[in-house]
Amino acid sequence: MRWRVFVVAISQLFFISSAAAGQKDSVSHPSNERAPGRAWIIPVGIVAAAVLDPEVREWTLNRHTRSLDRFAKSVNGLGTARHLVPAIALTYASALLTRHESLANGTINAAAAYIASDLVESALKPVIGRERPSVEGNSHRFHPFTASGDWHSFPSAHVAHITSLAQAISMQTGSRPVTILSGSLVALVAWDRVYEDQHWTSDVTATAALSSVISEATVKWLESHWPRSPDAEHQSK
């Protein structure tokens with residue numbers, strides 16, 4: 001039953017936030033423009049995370065509890081295709097049935113962002129070949145061009161999935177509460193991957209940054225090259 005709860009919860013997030021996109025210009029997203037003066041924060045944050053990888057891992061491993069273990073298992077579903085893909089499909093089907101064209105368009109954009117991020121993540125994993133922390137606990141071990149899952153620490157598929165959707169939803173709504181909620185989901189999934197010793201802190205940090213860029217670029221490209229009509233309910237007025 002847990003997977004059904006995840007699907008419904010995520011689809012509701014889509015429905016509420018994506019529907020709001022119809023109330024604003026679908027091409028311009030001023031609230032999501034990055035301040036040029038703060039662009040340095042992202043690379044500095046990734047470098048800092050890489051330096052602290054061993055310490056953060058040790059600190060996290062020493063704070064495992066049964067309660068956190070159960071919570072981590074619940075959070076894990078927020079980054080899996082098994083939950084996210086049905087949620088996307090359910091949202092799109094609901095939009096078609098209720099004739100909410102802005103919701104349908106927003107869901108298509110989010111789905112495209114998800115696919116683009118997933119393709120990049122899947123391609124980079126074997127190319128980079130970073131060893132997962134659970135193997136030997138050495139953050140400096142790499143084995144490029146390998147198919148072994150033990151060497152697929154970066155990027156994190158879970159983080160790439162949830163970040164792509166969170167970024168697409170956030171930029172299409174321009175809503176601060178939605179942005180905060182979406183960002184919180186990304187942070188939870190990132191925490192889970194480090195907690196479960198599947199990824200280094202720098203893995204999830206860099207993945208979130210990379211997936212955000214890919215997602216935003218995908219949505220902007222679709223909106224500029226594939227203009228779509230306004231909501232059917234507005235057309236009937």
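Numbering of residues begins at 1 and proceeds along the displayed sequence. This one's a predicted model, so the numbers in the text were calculated from it and none came from an experiment.
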First locate atom [atom1] of [X], then atom [atom2] of [Y], and finally report the distance between them rounded to the nearest 0.5 Å.
X    : Y    : atom1 : atom2 : result
L103 : L96  : CG    : CG    : 9.0 Å
K125 : F154 : NZ    : CZ    : 9.5 Å
S175 : I180 : OG    : CD1   : 8.5 Å
H199 : T207 : NE2   : OG1   : 7.5 Å
Q167 : E216 : CD    : CD    : 5.0 Å
L84  : H158 : CG    : NE2   : 9.0 Å

When the ring planes of F71 and W191 are compared, do they come out parallel, tilted or perpendicular, using 30° and 60° as the limits? tilted
Using the ring centroid of each side chain, check whether Y114 and H161 are separated by less than 6.0 Å. yes
Step-by-step side chain to side chain contact (heavy atoms under 4.5 Å, CB included) determination, L188 to D192: CA-CA 6 Å; L188 278 175; D192 166 70; over 6 Å; no
Answer with yes or no whether the hydrophobic clustering places [X] together with [Y]; edges join I, L, V, M, F, W, Y residues whose side-chain heavy atoms lie under 4.5 Å apart.
X    : Y    : value
L119 : I214 : no
V44  : V47  : no
I108 : W221 : yes
F142 : V135 : no
L68  : L78  : yes

Can you find a heavy atom in the side chain of [X] that is under 4.5 Å from one in the side chain of [Y]?
X    : Y    : answer
L210 : V120 : yes
E121 : S164 : no
V75  : Y195 : no
H152 : P126 : yes
I128 : W151 : no
R57  : D197 : yes
V127 : F145 : yes
L185 : V189 : no

May I ask you to decide if [Y]'s main-chain N or O and [X]'s side chain share a donor-acceptor pair within less than 3.5 Å?
X    : Y    : answer
H100 : A95  : no
S215 : S211 : no
Q172 : A168 : yes
R132 : Q198 : yes
N76  : A72  : no
N109 : E223 : no

Minimal non-hydrogen separation, [X] against [Y], with atom names:
X    : Y    : value
H64  : T60  : CD2-O, 3.1 Å
W200 : N138 : CZ2-C, 3.4 Å
A190 : V159 : CA-CG2, 3.9 Å
I88  : A111 : CG2-CB, 3.9 Å
E196 : K73  : OE2-N, 4.5 Å
A208 : V186 : CB-CG1, 4.4 Å

Within a 6.0 Å radius of atom CZ on R63, are there more than 12 heavy atoms belonging to other residues, nucleotides or ligands?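 More than 12 heavy atoms, drawn from other residues, nucleotides or ligands, come within 6.0 Å of this atom.
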side-chain hydrogen bond (donor to acceptor under 3.5 Å, both in side chains) between S156 and D203, intermediate numbers included: CA-CA 7 Å; S156 165; D203 291 334; over 6 Å; no
